[in-house]
2 protein chains.
Amino acid sequence: MIDVAREAGVSAMTVSNVINGRPGVSAETRLRVLATISKLGYQVNLAARHLRAGRTGAVGLIVPDIDRPYYAQLASRLANGVEKRGLHLVVERTGGDAERELEAISFGRLRMYDGVVVSPLRVDAADLDQLRFETPVVFIGERPVPKTFDHVMMDNVGGARQATRHLLTTGSRRVAIIGGRHDDHVDDMPSLRTRGYRQAHVELGIDLDEELVVESESFDPTAGFRAVKRLHESGVAFDGVFALTDAAAMGALRALADLRLDVPRDVQVIGFDNGKETEFLVPRLSSVEPGNQAMADRVLELLEQRVAAAGDGAKRAPDPVTTIVTAQLALRESTR
Amino acid sequence: MIDVAREAGVSAMTVSNVINGRPGVSAETRLRVLATISKLGYQVNLAARHLRAGRTGAVGLIVPDIDRPYYAQLASRLANGVEKRGLHLVVERTGGDAERELEAISFGRLRMYDGVVVSPLRVDAADLDQLRFETPVVFIGERPVPKTFDHVMMDNVGGARQATRHLLTTGSRRVAIIGGRHDDHVDDMPSLRTRGYRQAHVELGIDLDEELVVESESFDPTAGFRAVKRLHESGVAFDGVFALTDAAAMGALRALADLRLDVPRDVQVIGFDNGKETEFLVPRLSSVEPGNQAMADRVLELLEQRVAAAGDGAKRAPDPVTTIVTAQLALRESTR
DNA sequence: ATGAAAGCGCTAACAC
DNA sequence: GTGTTAGCGCTTTCAT
């Protein structure tokens, strides 16, 4: 920048003013500075600007994994909103391991962003409670989060309950849950959705065979595929499948096709997340729409408030809020 | 940091040394400093460190869109490699519009990274040529890139040629191309793949009906779905489909199922990218494996060299290289 | 309309 | 083993 200033015969300050489109620079000077800038191929050093100005123009999104439709679609939604506000979104993944999550959040990488959205998978409230943040943070997802943070969550229990009820009230008697938990007393995604599944059974007075609860570590197509295969091989009868994610449901559909079972005639299938891909599966997959857009909108709204408050010392930071978005069914061909 | 130093009764330098695990600090002092750090909840300011040290510990990946399996899987592969090298990957999307691409690359956001991988969709070599970079950059994809940059590309023409040949030599006579181009004289992805498709016809002496070339702007499932519907409605007969991406192929499969056409008996289908999802479609989708892992490995290798050269003034920057990775078929149920 | 001085938080280099 | 000095490149404040 000093080079540019010298070359153009002005001060660094004037160059700075030109770059940031600030008033108080004569048209002539402005032009000369701009010419010099492009002649020298100068680019601002964002690190320096950030150090000085305290803002980066970037919002961070920290997710366990990018290569999963759910997070990819979430990232897309958030990116749209963030860009509308003149910032840009950058995505980092943690690999879904607790240490790396904590590190990503605490290690100060946050400071690189004006605001951060975190979707944790493993870390728990106690760990989070230790952390001191200066950067505005909004949490998203089902992990418990200290009450000192904004938190946007979907209605996992309610969504699962609706899905299971639908299967049970349209003729399925033995509904398997893929990725479910025998012990659902933890507050993570699989346990919450399993609770909804159990609730539906209780409400409808239907006995639940624990053999229909198929645990699995992951919730990708492979997991869904294996779960159905395993169920079939162990001779457990079932006429409905509630998969914890659309991805797992996709694998389940594939396995059912291999078994020559017709969906939805022999077995009904429903997923969770209502991803874009559901429309294109064969058969088209029914799913729980967890309120994806509403969540993204709410996250952006909260973040905007906090960022504004952080930038403007006058404004007091708003009290942390927990928002629960309502879920509903998106019924397609895989259910009756 | 100064606060910590004062509180612990040492100098800022000693705090810095402790934080960075540098030798020359007595165990006692180290402990005291660490205690003070956690007591005060201190976190390093990365912006300042970056400004001073000139490195960020982050590698950037700039893609048109995150919410597309191809880019998501690419990001995952790169993230694995980058993390193995002790850095972390951050992903930014441009939305695939030329201006935003250029801005993302030029505006100096690059300076936030030790190295950057760019997958451009629209910008052309001339624009890129204008730019001056200090950050090491590796380009990926089919857009022409000035010879001053490293570039890793897949064999689009060869892959498309193999795919088309396979369909034409296993009984299909009228192979439609979804997303193809009537005029394929531009060097972008659709044109290159269309060229391979045409080559295969020429080599096998099969006449090509231009009606089988279905243009489309995007290459997602919706595009594939619409293309097949359109083809069918306009009464164009076809017994094979080469979709420019797996995503488009997914839409095509869905449309064929709606039309009660059996795949592969009535119509063979092949995609491109060999994404993870191909294994779980009904029927399982044959695809062109463009050498995804080889591309990622090569990109990381090039980047590593350049980053090393940039950090170490002694090393001269290596000459820019263009690498073309070879493609091969991954045949599954959607072809004979 | 333009410039000079000071400092953001950190670390490399050297002194003690 | 620890402290001092200087400066990375920018922007805020105040002076001209």
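Just so it is clear, the model here is predicted, and its values are computed rather than measured. Chain letters run A, B, ... following the sequence lines, proteins first and then strands; every chain starts at 1.
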Taking OP1 and OP2 of [N], is either one under 4.0 Å from a side-chain nitrogen or oxygen of [X]?
| X | N | value |
| --- | --- | --- |
| S11(A) | dA4(C) | no |
| R52(A) | dG9(D) | no |
| T29(B) | dT2(D) | yes |
| T14(A) | dA1(C) | no |
| S16(A) | dT11(D) | yes |
| N20(A) | dT11(D) | yes |

Could you state the [atom1]-[atom2] distance from [X] to [N], rounded to the nearest angstrom?
| X | N | atom1 | atom2 | answer |
| --- | --- | --- | --- | --- |
| Q43(B) | dC10(C) | CD | C1' | 15 Å |
| R55(B) | dC10(C) | CZ | P | 17 Å |
| I37(A) | dC10(D) | CD1 | C1' | 13 Å |
| I19(B) | dT2(D) | CD1 | P | 15 Å |
| R49(A) | dG9(C) | CZ | P | 18 Å |
| M112(B) | dG9(D) | CE | C1' | 12 Å |
| D3(B) | dG9(C) | CG | P | 9 Å |
| M1(A) | dC8(C) | CE | C1' | 15 Å |

Open item on the list: Just to verify, which of T29(B), V4(B), T36(B) counts as forming a side-chain contact (heavy atoms from CB on, under 4.5 Å) with V15(B)?
Closed with: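 Among T29(B), V4(B), T36(B), the one meeting side-chain contact (heavy atoms from CB on, under 4.5 Å) with V15(B) is V4(B).
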Task: From V91(A), V90(A), I62(A), L61(A), residue fulfilling side-chain contact (heavy atoms from CB on, under 4.5 Å) relative to V90(B) - done: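 Going through the options one by one, the only one that passes is V90(A).
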Among [options], which is the nearest nucleotide to the side chain of [X]?
| X | options | value |
| --- | --- | --- |
| A48(B) | dT2(D), dT13(D), dG9(C) | dG9(C) |
| M13(B) | dG3(D), dG3(C), dG9(C) | dG3(D) |
| Y42(A) | dC10(C), dT2(D), dC10(D) | dC10(D) |

Open item on the list: With a 4.5 Å cut-off on side-chain heavy atoms, are L74(A) and I140(A) touching?
Closed with: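 Side-chain contact under 4.5 Å: yes.
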Task: CG on D114(A) to CZ on R306(A), rounded to 0.5 Å - done: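 Reported value, rounded in 0.5 Å steps: 15.0 Å.
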Task: Which atom of V82(A) lies closest to which atom of L89(A), heavy atoms considered - done: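 Heavy atoms only, the tightest pair is CG1-N, 3.8 Å.
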TODO: Assign each of S26(B) and A47(A) to its nearest nucleotide of DNA chain D by heavy atoms, then name whichever residue's nucleotide is nearer the 5' end.
DONE: S26(B)
- [ ] Specify the residue among L51(B) and A12(B) whose closest nucleotide of DNA chain D lies further upstream toward the 5′ end.
- [x] A12(B)
- [ ] State whether the side chain of T56(A) and the backbone N or O of M112(A) hold a donor-acceptor pair below 3.5 Å, judged by distance alone.
- [x]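 Yes, T56(A) side chain to M112(A) backbone: donor-acceptor pair under 3.5 Å.
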TODO: Give one of base, sugar-phosphate or nothing for N17(B), where a contact means two heavy atoms less than 4.0 Å apart.
DONE: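 It contacts nothing in the nucleic acid.
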TODO: Mind checking R22(A) for me? I need base, sugar-phosphate or nothing, with any heavy atom below 4.0 Å counting as a touch.
DONE: sugar-phosphate
- [ ] Hey, could you give me each pair passing side chain to side chain donor-acceptor pair (under 3.5 Å) that has a residue in residues 6-15 of chain B? Not counting sequence neighbours.
- [x]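 Passing the test, one end in residues 6-15 of chain B: D3(B)-R6(B), E7(B)-K39(B), S11(B)-T14(B).
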- [ ] Mind grabbing the angle between the end helix axes of the helix from dA1(C)-dT16(D) to dC16(C)-dG1(D)? Five pairs an end, 10° rounding.
- [x] 30°
TODO: Answer yes when R93(A) and E83(B) have at least one side-chain N-carboxylate O distance shorter than 4.0 Å, and no when they do not.
DONE: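 Salt bridge flag = yes for E83(B) with R93(A).
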